[in-house]
Protein chains: 2
Amino acid sequence: MITIYDIAKKANVSAMTVSKVINQTGRISPATRERVQQVIEELGYIPNSNARSLVLQRTQMLSLLITDITNPFYTTLARGAEDAANQRGYRLLFSNSDEDYGKEKNYVETILSTRVDGVLFAPAGDRSLNHLKQLQERNIPFVILDRTVPGITSDVIAGDSREGALQLIRYLTNLGHRHIALVNGSSEVSTARLREEGYMEGLREAELPFDSGLILRTGYRDFSDEKGIDRLLAHQLKPTAIFAANNMLAIGVIRLLRKRGVRVPEDISVVCFDDLDLASAFDPFLTVAAQPAYDFGAIGMQMLIDRIEGKAPEQPQTVIMPSELRIRASASVPSE
Amino acid sequence: MITIYDIAKKANVSAMTVSKVINQTGRISPATRERVQQVIEELGYIPNSNARSLVLQRTQMLSLLITDITNPFYTTLARGAEDAANQRGYRLLFSNSDEDYGKEKNYVETILSTRVDGVLFAPAGDRSLNHLKQLQERNIPFVILDRTVPGITSDVIAGDSREGALQLIRYLTNLGHRHIALVNGSSEVSTARLREEGYMEGLREAELPFDSGLILRTGYRDFSDEKGIDRLLAHQLKPTAIFAANNMLAIGVIRLLRKRGVRVPEDISVVCFDDLDLASAFDPFLTVAAQPAYDFGAIGMQMLIDRIEGKAPEQPQTVIMPSELRIRASASVPSE
DNA sequence: TTGTAGGCGTTATCAC
DNA sequence: GTGATAACGCCTACAA
């Protein structure tokens, strides 16, 4: 392995001089600078960032922890985070918890042992509390992303789940729907709770009764609860519309409906939170409350770096991003 | 920061003993082992992996370099790679080059400075040659993923682009299509060349003439070449089918066709390489040659780790993954 | 402007 | 079974 000493020897200077050339610190004559740079070039020297981190107590590396890498919301968000990090001179370490507390725990350990300078953290749910506390104990700056966790005070960037859900329900009730089902994520996840609140509020506004038989609670990914769907469809007052609390749930719901010969939107309307960028691009089908995923990542990353670099206000900041109703074809007036 | 010395002091042993407990190396009495572990637990000590890497000359970290994080082919692949890496005790550093040689170059520098133990590398194209050579010079093991690069000999895992394309063209010609356009990626990318070969072979088999006016070459992502599409549509022998060389191109093509009032498949059939998992889940529309994305990642990662751990045969291995024709609705018999 | 000494947190080696 | 020492590659502080 080529070290700073190899460069030093070949350039007839000390290692320190080489270090100074690399980091542009201290004064050195143009002549030696030139010579050193030539040798660095020639030998293709690249500093060992582990050694550097060890002495600097800084890795110039950040972590992004997301909960589902196959969800386009998070991959778009990841690009925003990556772009922002790179722009400000940081490298980004991606981690993917798969909505699993166990994997999340492992990643937190990795994060801690890697000594990254900060974390943009999308918690799996309320039980992520301990993981976040662990970061706080070590004084690792972090920004909570997408979901809040009761018991933790920190910078947060999240969507307006309540309002977005309300918009969707309003849209459905305006179309004339009276029986609207909710297929939601786990109640352990803040966005699921808020979307349910928005749903309830929407019913209230339209003076519709709440019917717990129209609610199905599950996880945010890999939805395939056949029994649950059958239960909804068999409910005494069969729903004419379903609000899926995120895009992955909507996909599952529509797939299961089609499997049963139920047409969308002719027989049942479906709306959801989060867009499906790719699918929507060539087939504008799903009516959604879209969140600005890229900005979630980009702005969250800015907040994190500002915090790390001491450019943020002392008290924790909360940024709430609005969502946008995109009316397309998956919801229509109820058939009856 | 809690170090191994803090543990040592509190447990009344030397740092070495603590190290031995952590790494389960050397002999130590159950009593002290117990005591040390207790203190580790108590203080929540997590070893500094930078310091460890420095002395071990090994980071237990691997890089996955993909070219488009918004492409579901690559995110699914990423999950496969991640699962395999974690299973074998490695952490994974994701990087995303956006099909951009400049970004790729930066990531290679990062990889080199981080001293990862190996890289699963999807090259942006033939001009990635220098980047790969750089890795070879440093003796960083790597497996080339998805695309080959002339001039580099190494382990490779890739799809059968030629055969997959051939299948798609055969399918189209069997339906009766005589004028089939190709919207391809850059000729600098091996998969684009091979898919074009498959396309040509398919034409030959069906005894169709080759018509260069039916070929549009562009990049694999962000397709929006309006003029190019117009040129294809205005061609003297208007195509009745389009073969898009990957999923992202297909999306762009269909979007632009719809924008022009051209219906798919009624007016023009469209087929492509790679599936769109999410979109296909709830709307089985695109007829594709699907590649086993998860296995690309999982198997590629196994190859890489085998290579690193000296468990691979000496000479470089090449694994070619078959693709699978999935017939759905985006292609039908030609209208005329 | 340049170089020396010491230390960042960990582990391999080799004594005790 | 346990511990002292040196080393991994780099940078800060200080001296020349």
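Heavy atoms only: backbone and side chains are in, while hydrogens, waters and symmetry mates are out. Convention: sequence-line order gives letters A, B, ...; per-chain numbering from 1.
Residues from residues 4-15 of chain A lying near DNA chain C, meaning a heavy-atom separation below 4.0 Å, are A:Val13, A:Ser14 in numerical order. The stretch residues 27-39 of chain A touches DNA chain C through A:Arg27, A:Ile28, A:Ser29, A:Thr32, each having a heavy atom under 4.0 angstrom from the strand.
Taking five base pairs at each end of the helix from C:dT1-D:dA16 to C:dC16-D:dG1 and finding the rotation axis that steps the C1' atoms of four pairs onto the next four gives two axes whose angle is 40°, to the nearest 10°.
In this structure, the side chains of A:Leu65 and A:Glu104 come closer than 4.5 Å at one or more pairs of heavy atoms. Put simply, the side chain of A:Val143 reaches to within 4.5 Å of the side chain of A:Leu120, judged on heavy atoms. Using a 4.5 Å cut-off on side-chain heavy atoms (C-beta onward), A:Phe121 and A:Leu132 make contact.
For D:dT12, the OP1/OP2 oxygens have no side-chain nitrogen or oxygen of A:Gln57 closer than 4.0 Å. OP1 or OP2 of C:dT10 has not a single side-chain nitrogen or oxygen of B:Ser19 nearer than 4.0 Å. At D:dC11, one or more side-chain N or O atoms of A:Asn23 fall inside 4.0 Å of OP1 or OP2 (strictly under the cut-off). An OP1 or OP2 oxygen of D:dG3 is reached within less than 4.0 angstrom by a side-chain nitrogen or oxygen of B:Thr17.
Annotation for B:Lys105: atom NZ does not count as buried by contact number, only 12 or fewer foreign heavy atoms lying within 6.0 Å. Heavy-atom neighbours of B:Glu309 CD from other residues, nucleotides or ligands within 6.0 Å: above the threshold of 12.
Between B:Asp117 and B:Arg58 there is no salt bridge, since no side-chain nitrogen of the basic residue lies less than 4.0 Å from a carboxylate oxygen of the acidic one.
B:Gln302 and B:Arg88 share a donor-acceptor pair across their side chains, judged by distance under 3.5 Å alone. For the residue pair A:Asp146 and A:Tyr74, a side-chain donor N or O sits within less than 3.5 Å of a side-chain acceptor on the partner.
Taking only side-chain atoms of A:Leu56, from C-beta outward, the nucleotide of C:dG9, D:dC11, D:dC10 with the closest atom is D:dC11. Picking from C:dA12, D:dC10, D:dC8 the nucleotide with the shortest atom distance to the side chain of B:Met16 gives C:dA12. With distances taken from any side-chain atom of B:Lys20 to the nucleotides D:dG3, D:dC11, C:dT11, the minimum falls on D:dG3.
Sequence order on DNA chain D of the closest nucleotides to A:Thr25 and A:Met1 puts A:Met1 first from the 5' end.
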